[in-house]
Enquirer: 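Shown below is the structure under consideration.
A note on names: the letters A, B, ... follow the listed sequences, proteins ahead of strands, and every chain is numbered from 1.
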Number of protein chains: 2
Amino acid sequence: MLRLHDYGPSGNCYKVRLLLAALEIPYERVPIDLKDDPAKQAYRARFRLGRVPVLELDDGKELAESNAILCYLAEGTPYLPNDRWERAQVLKWLFWEQYDHEPYIAVIRAWRAYFGIPKGREAEVPLRKARAYEALGVLEDELTHKIFLASDRYSIADMSLFAYSHVAHEGGFELSRFPALCRWIARIQAQPKHVRISD
Amino acid sequence: MLRLHDYGPSGNCYKVRLLLAALEIPYERVPIDLKDDPAKQAYRARFRLGRVPVLELDDGKELAESNAILCYLAEGTPYLPNDRWERAQVLKWLFWEQYDHEPYIAVIRAWRAYFGIPKGREAEVPLRKARAYEALGVLEDELTHKIFLASDRYSIADMSLFAYSHVAHEGGFELSRFPALCRWIARIQAQPKHVRISD
């Protein structure tokens with residue numbers, strides 16, 4: 001059975017749980033409490049890249065990077081299109097998520113709701129908040145004329161961007177400013193086999 | 001013919017040129033001078049995500065995100081393995097590059113060698129430098145027991161990570177501390193059809 005090394009509130013972990021649920025793939029959740037320093041140190045000693053999630057296969061092979069895990073699991077399913085151009089669109093959104101969305105929306109949420117602002121990094125907060133709103137604005141523009149991000153079907157691009165977007169309010173962001181984004185969030189929450197981040 | 005919207009010194013652009021050369025795909029380079037503010041504004045007005053590179057296809061379709069472009073162009077070639085696990089490894093490195101490597105090594109290089117440190121962001125420099133050395137350390141550890149990053153063959157994972165690693169000295173980083181990384185850099189430079197960033 002697959003094992004998912006997982007921290008509950010992490011959107012990067014949640015996006016993988018969302019896909020595993022959609023695909024009805026059974027797996028074992030191996031929780032790691034990132035707020036507990038010794039547990040975190042032990043995890044970092046075991047996994048070189050030091051981050052959650054890590055997917056562990058039956059044969060012990062390990063895969064890090066949430067969006068790489070999504071691509072691996074979604075291969076050959078409707079959540080990762082076969083069409084070369086549509087695949088490229090999915091990947092574009094996945095890379096954009098890690099560079100232009102997660103470092104702002106997820107990091108501000110993590111600092112505000114879970115870990116506090118690391119000492120000496122207070123000056124980064126205004127810029128990160130501004131970039132977060134820019135990212136939400138990009139999504140709003142896209143979703144004003146689209147049902148889903150990468151094609152006309154629900155894909156791992158939506159799952160990946162949904163993970164931190166739908167809890168952006170925990171970072172203090174006002175999602176009500178983005179009506180098309182809010183409709184897309186509701187659309188994803190209404191998908192069959194959807195699970196919540198707190199499940 | 002393909003058109004590549006391109007800024008010469010950008011490693012994100014260079015990695016695409018490296019792959020296009022390896023695949024012997026003809027293309028037109030459309031230079032954009034990011035040091036020229038009006039040119040930059042015009043570019044941002046045209047391309048919503050506002051970044052280089054953008055690949056423009058024959059039919060006018062446009063693809064952003066350097067690593068998504070690599071995957072798109074490498075599909076069906078030896079530079080992106082068909083094996084599902086090896087593909088996942090390539091993607092793991094591509095996502096890691098955008099999250100843990102580029103924001104530190106490329107950004108410090110850009111600030112030091114091309115654009116200056118943006119006003120008010122001086123405090124970020126020590127942390128970004130430390131993270132850059134951590135990223136170089138991760139690569140060194142990997143390359144101590146491997147020829148290439150994702151499999152036993154040269155792939156787009158190597159191209160992507162080579163792009164900013166081999167010019168890290170322009171960011172003030174001492175590459176000589178990382179002998180396995182230096183051997184890997186020489187190995188890539190010796191590949192057939194290799195082009196330089198300044199070509």
Side-chain angles (χ1 to χ4, degrees), chain A residues 12 48-51 54-55 57 59 61-76 80 82-103 106-107 118-124 126-128 134-135 137-139 141-142 150 157 160, chain B residues 12 48-51 54-55 57 59 61-76 80 82-103 106-107 118-124 126-128 134-135 137-139 141-142 150 157 160:
Chain A
N12 285 326
R48 179 65 176 95
L49 301 182
R51 257 202 218 102
V54 167
L55 184 72
L57 307 192
D59 60 7
K61 287 207 296 261
E62 291 161 358
L63 181 59
E65 291 295 330
S66 59
N67 288 345
I69 297 172
L70 290 185
C71 291
Y72 175 77
L73 291 170
E75 188 72 58
L80 179 55
N82 267 322
D83 176 81
R84 188 179 170 206
W85 182 252
E86 287 186 11
R87 282 177 90 89
Q89 297 305 305
V90 169
L91 286 166
K92 178 192 81 174
W93 285 111
L94 294 180
F95 286 110
W96 183 81
E97 192 258 352
Q98 286 291 291
Y99 199 88
D100 282 308
H101 185 280
E102 206 269 9
V107 169
K119 217 177 139 190
R121 300 185 65 183
E122 295 78 5
E124 294 177 34
L127 180 68
R128 284 185 189 261
E134 279 176 34
V138 167
L139 291 177
D141 286 357
E142 287 288 320
S160 183
Chain B
N12 285 326
R48 179 65 176 93
L49 301 182
R51 262 211 208 96
V54 166
L55 184 73
L57 307 193
D59 60 7
K61 286 208 296 261
E62 290 160 0
L63 181 59
E65 291 295 329
S66 59
N67 288 345
I69 297 172
L70 291 185
C71 291
Y72 175 76
L73 291 171
E75 188 74 58
L80 179 56
N82 267 323
D83 176 80
R84 188 181 170 205
W85 181 252
E86 286 185 11
R87 281 176 92 89
Q89 298 305 305
V90 169
L91 287 167
K92 178 192 80 174
W93 285 111
L94 295 180
F95 286 110
W96 184 80
E97 192 260 351
Q98 285 291 291
Y99 199 87
D100 282 306
H101 185 281
E102 206 270 9
V107 168
K119 218 177 139 191
R121 299 185 64 184
E122 294 78 5
E124 294 177 33
L127 180 68
R128 284 185 190 261
E134 280 175 35
V138 167
L139 291 178
D141 286 355
E142 287 289 320
S160 182

Enquirer: List the atom of B:Ala88, the atom of A:Ala68, and the distance in Å for their closest heavy-atom pair.
Expert: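 For B:Ala88 versus A:Ala68, the nearest heavy atoms are O-CB, 4.0 Å.
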
Enquirer: Compare all side-chain heavy atoms of A:Leu127 with those of B:Glu124 and state whether any distance is below 4.5 angstrom.
Expert: yes

Enquirer: Does any non-hydrogen side-chain atom of B:Leu63 lie less than 4.5 Å from one of A:Gln89?
Expert: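 They are in side-chain contact.
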
Enquirer: Would you find more than 12 non-hydrogen atoms of other residues, nucleotides or ligands less than 6.0 Å from A:Asp83 atom CG?
Expert: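 Yes, enclosed.
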
Enquirer: Where on B:Ala123 is there a heavy atom nearer than 4.5 Å to chain A: the side chain, the backbone, both, or neither?
Expert: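 Neither part.
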
Enquirer: Ignoring hydrogens and geometry, is there a side-chain-to-backbone donor-acceptor pair from A:Arg84 to B:Tyr72 under 3.5 Å?
Expert: yes

Enquirer: Hey, which of A:Val90, A:Leu57, A:Asn67, A:Asp100 has the most heavy atom pairs under 4.5 Å with chain B?
Expert: A:Asn67

Enquirer: For the residue pair B:Phe95 and A:Phe95, establish whether any side-chain heavy-atom pair is separated by less than 4.5 Å.
Expert: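 In contact.
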
Enquirer: Report the option among A:Arg87, A:Gln98, A:Lys92 that has the most heavy-atom pairs separated by less than 4.5 Å from atoms of chain B.
Expert: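 Looking at each of A:Arg87, A:Gln98, A:Lys92 in turn, A:Lys92 comes out on top.
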
Enquirer: Mind checking the OH-CZ spacing from A:Tyr99 to B:Arg51? Nearest 0.5 Å is all I need.
Expert: 5.5 Å

Enquirer: Is it the side chain or the backbone of B:Leu94 that comes within 4.5 Å of chain A heavy atoms, both, or neither?
Expert: both

Enquirer: Tell me, side chain or backbone of B:Glu62 under 4.5 Å from chain A's heavy atoms, or both, or neither?
Expert: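 The backbone, not the side chain.
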
Enquirer: State, to 0.1 Å, how close A:Cys71 and B:Leu91 come at their nearest heavy-atom pair, and which atoms those are.
Expert: CB-CD1, 3.6 Å

